[in-house]
Amino acid sequence: MAIILFATMMSTKYPNNSTSSLRAGSGQDLPKAYNPKETEDRIYKLWEESGYFNPDNLPKRHKKPFSIVLPPPNVTAALHMGSALMLAIEDVMIRFERMRGKKALWLPGTDHASIATEEKFLKDTKISKRDYVAKRQEFIDLITEFALKNQTIILGQMRAMGSSLDWSRLKFTLDPDSIDAVHEAFIRMYNMGLIYMGSGKVVNWDPRGQTVVSDDEIEYEPGKATLYTFRYSKDFPVAISTTRPETKVGDTAVAVHPDDERYKRYINRTFSVNFTGVNLSIKIVGDPSVDPAFGTGAVGVTPAHSLADSEIASRHNLPSQQVINEYARMNKEAGPLLSDKKTMEARKIIIDHLRKQGLIEKEEIVDQNIPKAQRSGGIIEPLPKKHQFFVNVNKPVEKRNGKTIRELLKEVVEAKKIKILPERFEKVYLNWVENLRDWSISRQIWYGIRPPVWYKPQASADDNLEYTVSKTKPAGEGWEQFNDTLDTWFSSGLWTFSTLGWPKKTGDLKTYHPTDVLETAYDIIFFWVARMILMSQVLIGEIPFKTVYLHGLVRDEKGRKISKSLGNNIDPVSMINEYGADAVRMAMIIGTSAGNDSKVSSDKFRAYKHFANKLWNISRFILMNIPETEGIRKAKLTEQDKKIAEEQAKLIKDITQDMENFRFYLAGEKTYHYVWHTFADKIIEESKEKLASKNPEIKASTQKILLELLINSLKILHPFMPFVTEEIYSKIPGNKGKILMIEEWPS
RNA sequence: GGGCGGUUAGCUCAGUUGGUAGAGCGCGUCUCUUACACAGACGAUGUCGCAGGUUCAAGUCCUGCACCGCCCACCA
């Protein structure tokens, strides 16, 4: 039915073969509609075979280097629309700079993303890590297989987007040279005293993921909790308040404000109490961090299970007693009543006990944020853990004039050595630096890079571990490498220079570092952007990039965040298949300003698909009216046509400025508007009469101006819509063998 | 508790340095005209969240407020 209808439409529309009446010209060979599917693979192959993705192969005019490293996608899954936006913007920048004569390098890579990949793998396969305790290598092999499968998909998606990445420089964070760079970085920072092993520091423990996580990997979920006010025992002089009574068996002190008249006389006295069958020795200390107005003004200090309390404890030399283990259960030290109970069960038991003893003075419901591990969702249990490595952010770095990491991080942005766009994120960044604590880099994840640290499991006492830091196994018997792996951001923090060959002194490093732009989503400004600045400051004394351009998050049609659990992920390749890569790119870029979230909508994709087709038909019309180009190029422009050329030159100047100032959405929109509503609707419409003119000068001038406008339009559109413009460019008579991708940007 | 963003046409969103509002989709009428119906011509629709202020002039700058959203800190 549909087919018949279509055929009828066609026949009524074109009763007599209308194309045959057209003048001779290559345009008549072109189909009526642009076909992205038929074009894209062919054009991408043409680009790849030209070798020009690799800046080393670019013609001589490309002198000044321009470089961007691609934020390496995690090999957890196929790319989503956010990555498509990233690829589109970065390819626009690279193609623009390449055409302007820069030696443009866009360096591709992927990230093993240790914790994220491991979590995703476990979820997808329903494998239990416990079953592999004795078979760690087997487990790693399975994840590697999973990761490589995703990597293959990802690299295909990047190509489908038209990304002009230099594949000859492709990197993966687990490549041998990348691992070597990580080891080198670790060793250097260790020797500089910037990496240290904590001895039982309180860490953020994720009982579900069974690993330590950094402060940045915690998300807070709003919730309610009961705040209990009670005394440890009847004869204890002060009452304390807590939402976590189960931790109180680990208390070693009560802190009050030093000037609090109510408690002043007890300060520095120690009391012995029996609390739920456990004998506690509680010292009352005066500490200015205590707010006398909150609760009773007295805090039970649990050094082992609270970061804040551990800080109080270190100020007063208090002992620490761990009572909760790594499975979020009470340990033996919690006493026979609580031992081996889950923390929530223990809480009930303690509350029952306190009620029976009449020790509770007050119960109230309060708002409380529950800290959860970002990846696994496990509730964070602060606890002391041995043999964990940290990056010291407050230690003076000798090679950097004695400035600390925190100072260095602050300085480069405040002094505008690194520009962050949109500017408001500078504040966000600086606020993070202000609150920065030592960076915990040890993870109990298996899929990742182990630190270059060796120890003797048999010979070493747990408390006094003998270890050595070196790339290779030390001489002698019994040495084994640490089982922990490093935070995935430790390796990606090196990305701008490890991908260029560091620690070797390569030509690439000299030519392309610091990179020009780091383009990424704003949600990894702390995880990644800040860590890259940190690593390059400390290890090579350079900034990693001159400008940070942050794009927003891509949301679904309802404005929701794209997530696996909502199942609202859209595969960019399915959109490309439906609308063409050029349309997807345009739709992602236009109407999306820096740092602001955007929504995907099929309407928008369709609109830009229509635009690609419009451009196609504009070109078809012009090519139909231009039999050859040589004579036309020699023709003289009429005054009127000169004006038209000037107007286009003005627009080009304008959009060039927009491009230079990272206003791609404006440049794209202006170009779109010009091509459709000025070039097609006005100039071409008016040209029809002139092309039919008996005056050969008018006709020649018209042909010349149309061709010029078309060529320039193709050039300025090329960064946005590389496929269709390249395809049309190759159809212009006289362009055989030319590649639009490296043609000169018009001015 | 601190900080940030948004509030502009029915919907989704642009609006670069202040000069009486734009795009896409949608809507109405007409149109096979030397390319394109994935099109063209014409058209309707906004007191630019609210209240003040600066200015010859404010969506655009300043102050306050409301609602929506985000980030950071985290008090036991």
Determine the contact category for [X]: base if any of its heavy atoms lies under 4.0 Å from a base atom, sugar-phosphate if only primed atoms, P, OP1 or OP2 are that close, otherwise nothing.
X        : value
A:Ser601 : nothing
A:Asn613 : base
A:Arg663 : base
A:Asp658 : base
A:Arg555 : nothing
A:Asn431 : sugar-phosphate
A:His305 : nothing
A:Ala33  : base
A:Asp291 : base
A:Val366 : nothing
A:Phe526 : sugar-phosphate
A:Lys609 : base

[X] side-chain N/O to [N] phosphate OP1/OP2 under 4.0 Å:
X        : N     : value
A:His610 : B:A23 : no
A:Lys604 : B:U12 : no
A:Tyr429 : B:C72 : no
A:Lys427 : B:C4  : yes
A:Arg606 : B:U12 : no
A:Arg620 : B:C36 : yes

| query | So which nucleotide from B:A23, B:U12, B:G5 ends up closest to the side chain of A:Tyr672? | reply |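 Nearest listed nucleotide: B:A23.
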Which nucleotide, in any strand shown, forms a Watson-Crick or G-U wobble pair with [N], with both distances under 3.5 Å?
N     : result
B:U29 : B:A41
B:U63 : B:A51
B:A14 : none
B:A9  : none
B:G69 : B:C4

| query | Does A:Lys688 come within less than 4.0 Å of A:Glu685, counting only side-chain N to carboxylate O? | reply |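 Yes, charged N to carboxylate O under 4.0 Å.
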| Got a salt bridge between A:Glu727 and A:Lys731, using NZ or NE/NH1/NH2 to carboxylate O under 4.0 Å? | yes
Is it the case that the base of [N] and the side chain of [X] share a donor-acceptor contact (distance under 3.5 Å, atom types as modelled)?
X        : N     : result
A:Lys32  : B:A35 : no
A:Lys614 : B:C36 : yes
A:Glu685 : B:A35 : yes

| message | Check the orientation of A:Phe611 and A:Tyr672. Use parallel for under 30°, tilted for 30 to 60°, and perpendicular for over 60°. | response | tilted
| task | Determine the interplanar angle of the A:Phe271 and A:Tyr266 rings, folded into 0 to 90°, and report it as parallel if under 30°, tilted if 30 to 60°, perpendicular if over 60°. | result | perpendicular
| query | Of A:Thr252, A:Asp251, A:Val202, which is the lone residue that meets side-chain contact (heavy atoms from CB on, under 4.5 Å) with A:Pro303? | reply | A:Thr252
| task | Verify whether the ring centers belonging to A:Tyr549 and A:Phe664 lie closer than 6.0 Å. | result |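 Yes.
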| Considering only the C1' atoms, how many Å lie between B:U16 and B:U63, rounded to the nearest integer? | 26 Å
| What interatomic distance, in whole Å, is found between C1' of B:G46 and the corresponding atom of B:C27? | 16 Å
| request: May I have the distance from A:Ile589 (atom CD1) to B:C13 (atom P), rounded to whole angstrom? | output: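 Rounded to the whole Å, the gap is 18 Å.
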